[in-house]
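By convention in this document, chain letters (A, B, ...) are assigned in the order of the sequence lines, proteins followed by strands, and residues within each chain are numbered from 1. Given the structure is predicted, the values throughout are model-derived calculations rather than measurements.
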Amino acid sequence: MSDYNPKFIEQKWQRRWTDQRVFEVREEPGRPKYYCLVMFAYPSGHAHVGHVRNYMIGDVIARMKRMRGFNVLHPFGWDAFGLPAENAAIKHKSHPEIWTRENIAHMKGQLQRLGISYAWDRELATCDASYYKWNQWLFLKMFERDIAYRRRSTVNWCPGCSTVLANEQVVEGGCWRCGSVVEPRDLEQWFLRITQYADALLDGIGGLDEWPDKVLTMQRNWIGRSEGARVRFSVDVGDEGAESIDIEVFTTRIDTICGATFVMLAPEHPLVDRFADEASDAAAFLKRVQQFRSQDRTDRLTGAVEKEGFDTGRTAINPFTGQSVPVWIANFVLAEYGTGAVMAVPAHDQRDFEFARKYQLPVEVVIQPETGVEMIPLDGASMEEAYAGPGRLVNSGEFTGRSTEGAAAFMALAAESKGVGRPEVQFRLKDWGISRQRYWGTPIPIIHCDTCGQQPVPYEDLPVELPAVDEFTGRGDSPLAQIPEFVNTSCPSCQGPARRETDTMDTFVDSSWYFYRYCDADNETQPFDPDRVDYWTPVDFYIGGVEHAILHLIYSRFFCKVFKDLGQISHDEPFTRLLTQGMVLRDGAVMSKSKGNVVDPDEMIGRYGADALRLYETFVAPPEKELEWTDAGLEGSYRFLTRVWRLVTAVCPVVDQVSRPDLATLRLDDDHRALRRKTHQSIRRVSADLDPRVHLNTAVSALMELVNELYLFCDQHNLAPRSVNRAEEFGTVVAVQTRAVLAEAVDTLVLMLAPFTPHLSEELWEQLGHPGGVITADWPECDPIVAKDDALVVPVQVNGKLRARLPVASDVSDEDLRATALAEPSVQLHTKGKEIVRVVVVKRKLVNVVTA
RNA sequence: GCCGAGGUGGCGAAACUGGCAGACGCACAGGACUUAAAAUCCUGUGGUCCUAUGGACCGUGCGGGUUCGAUCCCCGCCCUCGGCACCA
């Protein structure tokens, strides 16, 4: 018996799997498919044990499904574009591609040493022109359908680096690299019209019943659907006959409109400049507006600045009351939400209330609560906070007396028939700005021509490849804009001189459809063959970090709907089931290079082997929970594997190498039957824990119990491994029954361990004399008759407190159970002198004796 | 503030449909083996108490409730984590 040597067996089997290409798959119509997907990786350099937890969970599921007869697609690839590569290039005076390819090579090696069963033949990297070509193709399709469009918008500009920063790169208002204060700057930007799908994305959430609630809630909030009304307030223009001006407001509480005592505009509202021009002291007016506009953007968005405003001196007509109300400018009104203007109802909105009190504006109560402890009517002069709850309308003209229930919808329609407004739905979701003034991304395939305007690059000219660049300085505009050979081109329409678009796409574009590309990764004529994608998709199981709950998972759902509209796919949602795995912590903190608490998988593989690492990360906590890393825990998992190794290798000479005795024909003793029962109960438990529950940790527990049971069994039968030296001595004379049940148990153990510890299982499976790898073996079947307990232990309670445990036959009748329980001495002791009013008997499960 | 998830031994956790709380592992303690140690194997391990090979009581964040019976369901509160947050 040799020692467990993970290094040797892991290399042996990894080589064999690769040579035999066992994880490569093709469509097999008629065979059930299973698409198991883990979020692809950003090639940042080195994967740590936190990153790879995700991959291990996916691998357990993929391997288990494979053994259960599914045609399993389990691919991997690289989210290879993005800023860190460009920054590394600037720092090392190198090229982003060099850094990226090196990192991919290193990380791929790390994953391969973990023995993950990827179909590497489908590997893709988004920085491959063969991939991003299809980003461009899709962009053009979207451009044709007006889903992709260009408009001016405000971006973060770093004056120190003379470049645009992504929102994530602005740290507390400053540039993450040089610390300069970031300025807003207006630029022409490309957008994808995701808002066109806002309702579809929201409605689709209802069908995602195998996604975590947490993620669905986050998506709902992110989309932020809000039903209300758009209402027009006409501004007093003074002179009769002067052109009228309207302020449109969006409100969800049009039922309170009769209490609207003023109107507020965002400082960026288009009317503000005009009002300033027309003001008596235009300069002072404008100065105050500028003050608001220059307030820190994020502070304004998060409400960190104090609510302030000033009177424009203008008035507008409340279309429901006909009253003239002042128009104010307020710093907390957001230009980018709704219409950039709101009606203020101080009595029924807390923000408006505070604002009104601060500037002594009138507070007009139009809703009176109908329930509540104190039924004192609200009074605008004395109330101390706004009342936003339900009630009955007062001082609301023809609407007075209505309940707030349904009033908003009714009054929105009333506004429409009056011609002063209409019902409207607003979304928090914004169109997706995809322009990046960066090099290391997909070039946007558009040509700007002075005579023809924006022209799409013809499909046959795709891909627009990234041009070679000698040195990355990080200075100046978009790197592509500095390359005349790239920029200068001819117009595809008029052949005149024209300029290429120099923005590249947000990398979230790359990751929004990579899972379709896996299905047909080397297609050169289209993004993918719809038939091949139709076979594999939707993704059955998707595993990744919860940090992608919003962006990536909404963008992918959006792309899915676009692809469907393009006729490329047939399903509505890309991911049937989603699991968000917990992070791996060390010393209570998320692993990160900067904290210096990362654990390198290679180091752990070197010490304990990949199988121990895989087992540890799947056993120690449920997949969706955080995992606190401990070296001792990993060592425990390693110990378990050595225990399995000793057990199986010691039992090998005992169990028949060539054929297994037929259990059906053998008469078994009680202890043989007990081991079989444990074996089959373990099959039932592990199978259910893995699928559909994905409770990997309890599945491992069940396997540990089976091993413990096997050790006890071997001890009772004077067998290895406990009585090591006696193994050889008695090995050949072991009773056939013992050999048979042992063989079954050990085979089962090795099979069910295979998803977790594939190398160890392969090696032991081979040593047990089985031809063909464990990968191609079938998952064991539970025989319910064998698994059935033939004796039960039924707990007996008196008044809900456990007083006895009764060993009874498994087919015991309720009457017998009741009688046996009542006869039990401890039950009699606790019921002595009391009247028994009831005896609850739960069939085969429990007896509860209730006394008066 | 709103929404979501959670709170169980010294620690990670388990308990699937309201039915024996703490499976499995870590740590710790005792024992076997050994010249010794490591490794391995075995045993024990929620708390308090007692007349102690047995037994009593308490125990799943806190307080109530429903129920024969509650970690699980209901009401109120506390705490932790995550998300959203001046969205009109």
Side-chain angles (χ1 to χ4, degrees), chain A residues 3 212-222 224-226 228 249-254 256 264 266 300-307 330-334 336-345 348-352 354-355 426-429 546-547 549-550 580 615-616 619-622 624-637 639-640 642-643 646 685 688-689 693 695 697-705 707-708 711-712 715 721-724 793-805 826 829 837-842 845-851:
Chain A
D3 286 342
D213 285 345
K214 177 171 55 170
V215 174
L216 298 180
T217 307
M218 285 164 74
Q219 294 215 346
R220 261 188 221 105
N221 291 343
W222 187 261
R225 187 179 200 273
S226 179
V249 301
F250 174 73
T251 178
T252 54
R253 290 299 304 276
I254 193 174
T256 64
M264 295 185 286
R300 271 186 67 199
L301 279 170
T302 56
V305 292
E306 202 189 329
K307 293 180 184 60
N331 63 343
F332 67 94
V333 178
L334 305 173
E336 55 274 28
Y337 184 77
T339 60
V342 298
M343 65 178 206
V345 184
H348 306 293
D349 181 285
Q350 188 59 23
R351 292 159 303 183
D352 298 348
E354 287 164 21
F355 195 85
Q426 282 287 335
F427 293 92
R428 208 193 76 104
L429 181 74
V546 73
E547 64 272 21
I550 316 268
T580 52
L615 188 81
Y616 170 67
F619 165 66
V620 77
E624 47 285 292
K625 250 193 108 166
E626 287 174 344
L627 183 162
E628 175 72 40
W629 180 272
T630 61
D631 287 358
L634 174 57
E635 199 167 325
S637 294
R639 257 200 309 267
F640 170 71
T642 59
R643 210 163 136 81
R646 275 196 309 276
R685 268 182 67 188
D689 279 353
R693 300 207 315 165
H695 287 199
N697 53 328
T698 53
V700 175
S701 298
L703 292 168
M704 288 172 166
E705 281 186 45
V707 169
N708 292 345
Y711 265 75
L712 286 173
D715 199 33
R722 193 167 295 172
S723 320
V724 178
V793 176
V794 176
V796 179
Q797 301 175 337
V798 176
N799 294 325
K801 277 186 183 162
L802 182 72
R803 294 302 176 191
R805 293 160 206 264
S826 60
L829 187 73
V837 293
R838 193 173 162 188
V839 179
V840 180
V841 179
V842 182
K845 274 223 161 137
L846 174 128
V847 179
N848 190 10
V849 181
V850 186
T851 64

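Shown here, U67(B) forms no base pair; nothing in the strands shown gives a Watson-Crick or G-U wobble contact with both key distances under 3.5 Å. U34(B): no Watson-Crick or G-U partner with both key distances under 3.5 Å is found in any strand. Under the Watson-Crick and G-U wobble criteria, each requiring two contacts below 3.5 Å, nucleotide A56(B) is paired to U48(B). Both distances falling under 3.5 Å, in either a Watson-Crick or a G-U wobble arrangement, occur for no nucleotide opposite C72(B). Within the shown strands, G25(B) is the pairing partner of C11(B) under the Watson-Crick or G-U definition, both distances less than 3.5 Å. Base pairing annotation: U17(B) forms no Watson-Crick or G-U wobble pair, as no partner gives both donor-acceptor distances under 3.5 Å. Base-pair partner of A39(B): not found among the strands shown (Watson-Crick or G-U wobble, both distances under 3.5 Å). Pairing of C81(B), defined by two Watson-Crick or G-U wobble distances under 3.5 Å, is identified with G4(B).
If you check every strand for non-hydrogen atoms under 4.0 Å, Gly636(A) touches sugar and phosphate atoms only. Using a 4.0 Å heavy-atom distance criterion, Val342(A) is classed as a base contact. Contacts of Val793(A) with the nucleic acid, taken as non-hydrogen atoms under 4.0 Å apart, include base atoms. Residue contacts for Asn697(A): at a heavy-atom cut-off of 4.0 Å it reaches the sugar-phosphate backbone alone, with no base atom in range. Among the protein residues, Asp349(A) comes within range of no part of the nucleic acid, since none of its heavy atoms lies under 4.0 Å from any strand. Using a 4.0 Å heavy-atom cutoff across all strands shown, Phe619(A) reaches at least one base atom of the nucleic acid.
Contact annotation: Arg639(A) side-chain N/O to C26(B) OP1/OP2 distance is under 4.0 Å. Under 4.0 angstrom from either OP1 or OP2 of G69(B) there lies no side-chain N or O belonging to Asn799(A). The side chain of Arg838(A) places no N or O atom within less than 4.0 Å of a non-bridging phosphate oxygen (OP1 or OP2) of G69(B). A close approach under 4.0 Å does occur between a side-chain nitrogen or oxygen of Asn708(A) and OP1 or OP2 of G25(B). Between Arg646(A) and the phosphate of C41(B), there is a side-chain N or O to OP1/OP2 separation shorter than 4.0 Å.
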Treat primed atoms plus P, OP1 and OP2 as sugar-phosphate and everything else as base, then score nucleotides 3-9 of chain B 5' to 3': B for base contact with protein heavy atoms under 4.0 Å, S for sugar-phosphate contact only, - for none. SSS----
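Nucleotides G9(B) and G63(B) place their C1' atoms 24 Å apart, quoted to the nearest Å. Separating the C1' atom of G22(B) from that of U45(B) is a span of 12 Å, rounded to the nearest Å. Taking atom C1' in both G4(B) and U17(B), one finds a spacing of 25 Å when rounded to whole Å. Rounded to the nearest Å, the gap between the P atom of A27(B) and that of U40(B) is 10 Å.
Among the nucleotides A27(B), A88(B), C24(B), the one closest to the side chain of Glu705(A) is C24(B). Comparing A21(B), A15(B), A88(B) by their closest approach to the side chain of Leu802(A) singles out A21(B). Picking from A88(B), G69(B), A15(B) the nucleotide with the shortest atom distance to the side chain of Arg693(A) gives A15(B). In this structure, the nucleotide among A88(B), C42(B), G25(B) sitting nearest to the side chain of Arg643(A) is C42(B). In the set C16(B), G12(B), G19(B), the nucleotide with an atom closest to the side chain of Lys845(A) is G19(B). Nearest nucleotide to the side chain of Val840(A), out of C68(B), C42(B), A88(B): C68(B). The side chain of Met704(A) lies closest to G25(B) when the candidates are G25(B), A88(B), C42(B). Among the nucleotides A14(B), A88(B), C68(B), the one closest to the side chain of Pro622(A) is A14(B).
The CG-C1' distance, from Leu846(A) to A70(B), rounds to 13 Å in whole Å. The interatomic distance linking Glu547(A) (CD) with C81(B) (P) rounds to 19 Å, in whole Å. Summarising the geometry, the separation between OH on Tyr616(A) and P on C26(B) is reported as 12 Å, rounded to the nearest angstrom. Atom-to-atom, CG of Asp715(A) to P of U40(B) comes out at 17 Å; the value is rounded to the nearest Å. Atoms CG (Leu829(A)) and P (G54(B)) sit 16 Å apart, rounded to a whole Å. Across the protein-nucleic acid pair, Asp631(A) atom CG and G25(B) atom C1' stand 16 Å apart, rounded to whole Å. Atoms NZ (Lys307(A)) and P (A88(B)) sit 15 Å apart, rounded to a whole Å.
Considering Val847(A), Leu802(A), Asn848(A) as possible partners of Pro795(A), the one that fulfils the side chain to side chain contact (heavy atoms under 4.5 Å, CB included) test is Leu802(A).
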I would like to know whether Phe640(A) and Phe619(A) meet ring-ring contact (aromatic ring centres under 6.0 Å, His included); could you show each step before the answer? CA-CA 12 Å; Phe640(A) 170 71; Phe619(A) 165 66; 8.2 Å; no
Show each protein N/O and nucleotides 57-66 of chain B N/O combination with a separation under 3.5 Å, one pair to a line.
residue : atom : partner   : partner atom : Å
C57(B)  : OP1  : Arg803(A) : NH2          : 3.4
C57(B)  : OP2  : Arg803(A) : NH1          : 3.1
C58(B)  : OP2  : Lys801(A) : NZ           : 3.2

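The shortest distance between side-chain heavy atoms of Asp631(A) and Glu635(A) does not fall below 4.5 Å.
On a pure distance criterion of 3.5 Å, a polar donor-acceptor pair joins the side chain of Ser701(A) and the base of A23(B).
Under the 3.5 Å distance criterion, with hydrogens and angles disregarded, a donor-acceptor pair is assigned to the side chains of Asn708(A) and Arg643(A).
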